[in-house]
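Naming convention: chains lettered A, B, ... in sequence-line order (proteins, then strands); numbering from 1 in each chain. Note: hydrogens, waters and symmetry copies are ignored here, and every other heavy atom, side chains too, is used. Computed from a prediction, not measured in an experiment: that's the story for all the values here.
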Amino acid sequence: MMNHTLKNQYNLRPGTIITGKWHGNNYTIVKELGYGANGVVYLAKHKNTQVALKMSDNGMSITSEVNVLKSFAKVQGPQTLGPSLLDVDDWRILQGGPAISFYVMEYIQGPDLLSFLHKKGKSWAIVLFLQLLSDLEVLHENGWVFGDLKPENLIVTGPPPRIRCIDVGGTTMQGRAIKEFTEFYDRGYWGLGSRKAEPSYDLFSAAMIMINSAYPNRFKKTTGGISQIREAIRQKPELLKFEKALVKALQGHYSHAKQMRVDLLNVMVDKPILDPSLPPKRTDSGTTVNSQKKVPQAGRQMTRQTYRKKKKKSGWTEFFIIAMVLGILYALYTFNKLL
Amino acid sequence: MYTGKIRQILLITDGCSNQGDDPIAMAALAKEQGITVNVIGVTEKDIIDEKGMTEIEGIAMSGGGVSQIVYAEALSQTVQMVTRKAMNQTIQGVVNSQLQQILGRSQSMEDLPPDKRGEVMEVVDELGETVELEVLILVDTSASMKHKLPTVKEALLDLSLSLNARSGENQFSVYVFPGKKNDVEKLLDWTPKLQSLTSIFSQLSTGGITPTGPALRTALSSFSQKKSIRSLLSRDDESYFEESI
């Protein structure tokens, strides 16, 4: 993990008032929200509104993040990329002492992605991923790559639930080297690509986040490479249905978030048609386009059935194993009684 | 465009030196030559003793670099983070002294208003991406390091992956100490890729003393007589920086 450095050196107490050296705004610290490699984030109050205030002894990283947020602010449309930037300033703890850089941003309230899914159920997962991919598309169009994309950096606000990215510390201009990353979500770590900032880098991370949602404790690299991750996907039914899209993202075959989004959506839309318990109403009303589509769908249905069969088979073996274990236990029991 | 080079020594060790020159003095010597010394202390269950800790911090401090103690599992992340951090520090140092030349003695990046600072930061970022980097990696192969060496190898491969994603050029060289015959032995001469390490590393023998000081001294002489980044400061006051101030 990246975040193993300096635990909060300032340790500001609630009630501390921070006054900016340049703009003179006052912020009252409410509590600490979190800390990472690049500083500490506090919840603070400014004129009765809640804001998030990030502070670091490394002025460089603060400045660099501010640059990213400023450029996000120029992007047209609903502001969902990062938190919106409110103020940038320095603070002197002691008169004449060194100044600490900080910036103030919108406070995005809500649980992180994995806690949200844990609480509200996994059916939300795909909705949030589709939202994330739309956001990434806008981010990429504007020449950036998020970089350190991971569940801890994704907050679900609402209602209605909406995914938001926080912590732009890893956000890198396209074509440069990724500034900051976390191993599990980094394609370089898995031996599946470079650390150059390009859209496919984020899409790899996004796929790993989907996998992470089925494996809350993540997993360790053993052999690495696509084979290990594909195996992990196949062991979880909620991932298996997205296998094609996930593997494509992991191998860097998507150059746009939009393409991945469309593929994931198709899986979701196809589902009712594939369900054998429902009469195939949609294909009835279908045009020629639909009938053309039928062929691969039939193919898929077949694979589904074989999958079921396999499941049935494994059900029988399970039954035999349990029966045998019980039998052995009973034999031991009677044997003991006889002695 | 800026044509400087950043030179670093990355020392990976798990304890205290016990022979030859004082490594802290050697690190200071490196700094005088414009070479930054970073130190990573690798621990496992065994904790590095206080003496070793003091030495690790001392080497990095007098070598103008960064030090970090980590568990073996976190080595990959740390190696690339430390290298990058030290690189940014050097660049920041260069930019700061440029600023001082332009704005006067007392001015540094921190004295600029936040808006201006952002513009300077873009220059720093740009330099970090494009500057030429030379990293000499010095690996402690004393007996206690033996089972950590596979992790060290992984971490070094990971480092080259990170750095080669930049558009600037990289040169790596690897030395181990103690060597078979001498205090220190060259494992890999200057090369842009570290992939060839894979085969060499598995044949490494470990054991013996920990001559950190002499190893640092040999490392220094390996950096050829090319001009260091510091001497560049006085040489070119390029217009490159001026547009952003």
- State whether the number of non-hydrogen atoms from other residues, nucleotides or ligands found under 6.0 Å of E169(B) atom CD is greater than 12. no
- Query: Atom CZ of R166(B) and atom CD1 of I178(A): how far apart are they, to the nearest 0.5 Å?
  - Reply: 14.5 Å
- Task: Determine whether more than 12 heavy atoms belonging to other residues, nucleotides or ligands lie under 6.0 Å from atom NZ of K193(B).
- Result: no
- Task: Taking atom types as modelled, find out whether R195(A) and S162(B) have a side-chain donor-acceptor pair closer than 3.5 angstrom.
- Result: yes
- Within a strict 4.5 Å, meaning less than it, do heavy atoms of the R176(A) and S167(B) side chains meet? no
- Item | Leading residue by heavy atom contact count with chain B [cutoff under 4.5 Å; candidates S64(A), P98(A), G191(A)] | S64(A)
- Query: Taking every heavy-atom pair that is under 4.5 Å apart, which of D158(B), V124(B), N88(B), N164(B) has the most such pairs with chain A?
  - Reply: D158(B)
- Under 3.5 Å: donor-acceptor pair, side chain of Q92(B), backbone of M60(A): no
- Query: For V66(A), is it the side chain, the backbone, both, or neither that has a heavy atom closer than 4.5 Å to a heavy atom of chain B?
  - Reply: neither
- Task: Any chance you could measure L112(B), atom CG, to W22(A), atom CH2, to the nearest 0.5 Å?
- Result: 7.0 Å
- Task: Could you tell me which non-hydrogen atom of P114(B) sits nearest to which non-hydrogen atom of D89(A), and how far apart they are?
- Result: CG-CA, 4.3 Å
- Quick one: do M121(B) and I62(A) satisfy side chain to side chain contact (heavy atoms under 4.5 Å, CB included)? Show the steps, please. CA-CA 10 Å; M121(B) 190 62 210; I62(A) 290 286; over 6 Å; no
- Report, as yes or no, whether the 6.0 Å neighbourhood of atom NZ on K70(A) holds more than 12 heavy atoms from other residues, nucleotides or ligands. yes
- Is any side-chain heavy atom of S101(A) closer than 4.5 Å to a side-chain heavy atom of R117(B)? yes
- Query: Just wondering, more than 12 heavy atoms not from H256(A) lying within 6.0 Å of its NE2?
  - Reply: no
- In Å, rounded to the nearest 0.5 Å, how long is the span from CD of E73(B) to NZ of K220(A)? 6.5 Å
- Separation between CD of E122(B) and CE of M173(A), rounded to the nearest 0.5 Å: 6.0 Å
- Gap between atom CD of E154(B) and atom NZ of K221(A) - 0.5 Å precision: 5.5 Å
- Message: Quick check for you: to the nearest 0.5 Å, what is the distance between N67(A) atom CG and E119(B) atom CD?
- Response: 8.5 Å
- Task: For the residue pair S76(B) and Y189(A), establish whether any side-chain heavy-atom pair is separated by less than 4.5 Å.
- Result: no
- Item | Contacting moiety of R84(B), where chain A heavy atoms sit under 4.5 Å | side chain
